[in-house]
**Q** 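Quick one: structure below, then a few questions.
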Amino acid sequence: WSRGGAMLPLSLLRTATGNPMLVELKNGETFNGTLDSCDNWMNIKLKEVICTSRDGDRFWRLPEVVIRGNNIKYLRIPEEVIDMVPEEDLSMAGKGKGGKGYGKGGRGWGGGGPRGAPRGWGGGRSR
């Protein structure tokens with residue numbers, strides 16, 4: 001990226017709303033369209049879309065497409081959009097979430113293992 005500042009992916013996506021973008025899926029299909037909206041899971045909605053098959057020999061024109069975020073391989077966004085993204089303090093990202101979400105402290109003598117695991121399995125104190 002041409003900027004030295006830090007930015008978060010969702011900030012970039014939200015800034016790109018209303019701009020053209022290319023989305024390639026993990027299965028190889030590509031979608032060229034205008035970003036209409038996105039959510040916290042990177043699910044995106046494109047309008048005025050041209051879909052290209054993975055082998056590149058078939059094309060479809062679609063009025064709109066919703067793409068689930070976990071199917072996205074990569075996004076191509078215009079350079080000028082990247083320059084419009086507000087810089088964010090990454091040290092503030094995730095504040096108040098409690099780290100990895102394990103809460104405070106362990107689960108006692110037999111804790112540390114997955115639910116339903118036998119007592120003393122994995123991660124607990126040795127006796």
**Q** Minimum heavy-atom separation for Leu13 to Leu35, with atom names?
**A** O-CD2, 3.2 Å
**Q** Roughly how far, to the nearest 0.5 Å, is the CD1 atom of Ile82 from the CD atom of Glu79?
**A** 4.5 Å
**Q** So which heavy atom on Pro20 is nearest to which on Pro78, and how close?
**A** O-CD, 3.1 Å
**Q** Could you go through Met42 and Leu10, starting from their C-alpha distance and side-chain angles, then the distance that decides it, and tell me whether this counts as side-chain contact (heavy atoms from CB on, under 4.5 Å)?
**A** CA-CA 7 Å; Met42 284 188 156; Leu10 286 174; 3.8 Å; yes
**Q** Looking at every non-hydrogen atom in both residues, tell me the closest pair between Cys38 and Ile44 and how far apart they are.
**A** CB-CG2, 3.8 Å
**Q** Taking 4.0 angstrom as the limit, do Lys73 and Glu24 come out as a salt bridge?
**A** yes
**Q** Can you measure from CG (Leu12) to CE (Met21) and round to the nearest 0.5 angstrom?
**A** 7.5 Å
**Q** Taking all non-hydrogen atoms of both residues, which atom of Leu62 and which atom of Cys51 are closest, and how far apart?
**A** CD1-CB, 4.2 Å
**Q** Is there side-chain contact between Glu64 and Leu46, with heavy atoms separated by less than 4.5 Å?
**A** no
**Q** Could you give the distance from CZ (Arg76) to CG (Asn32), rounded to the nearest 0.5 Å?
**A** 8.5 Å
**Q** Return yes if some donor-acceptor pair links the side-chain N/O of Ser53 with the main-chain N/O of Arg58 below 3.5 Å, else return no.
**A** yes
**Q** Could you state the interatomic distance from OH (Tyr74) to CG (Leu25), rounded to the nearest 0.5 Å?
**A** 10.5 Å
**Q** Flag the pair Ile77 / Asn19 as yes when at least one side-chain heavy-atom distance between them is below 4.5 Å, and no otherwise.
**A** no
**Q** Does any N or O in the side chain of Lys26 come within less than 3.5 Å of the main-chain N or O of Asn70, such that one atom is a donor and the other an acceptor?
**A** yes
**Q** Hey, are the side chains of Val65 and Val23 touching, using non-hydrogen atoms and a 4.5 Å cut-off?
**A** no
**Q** Please confirm whether the backbone N or O of Lys47 pairs with a side-chain atom of Asp36, one donor and one acceptor, at under 3.5 Å?
**A** no
**Q** Measure the CD1-CZ distance between Ile72 and Phe31 for me, rounded to the nearest 0.5 Å.
**A** 10.0 Å
**Q** Quick one: CZ on Phe59 to CD1 on Ile50, what's the gap to the nearest 0.5 Å?
**A** 8.5 Å
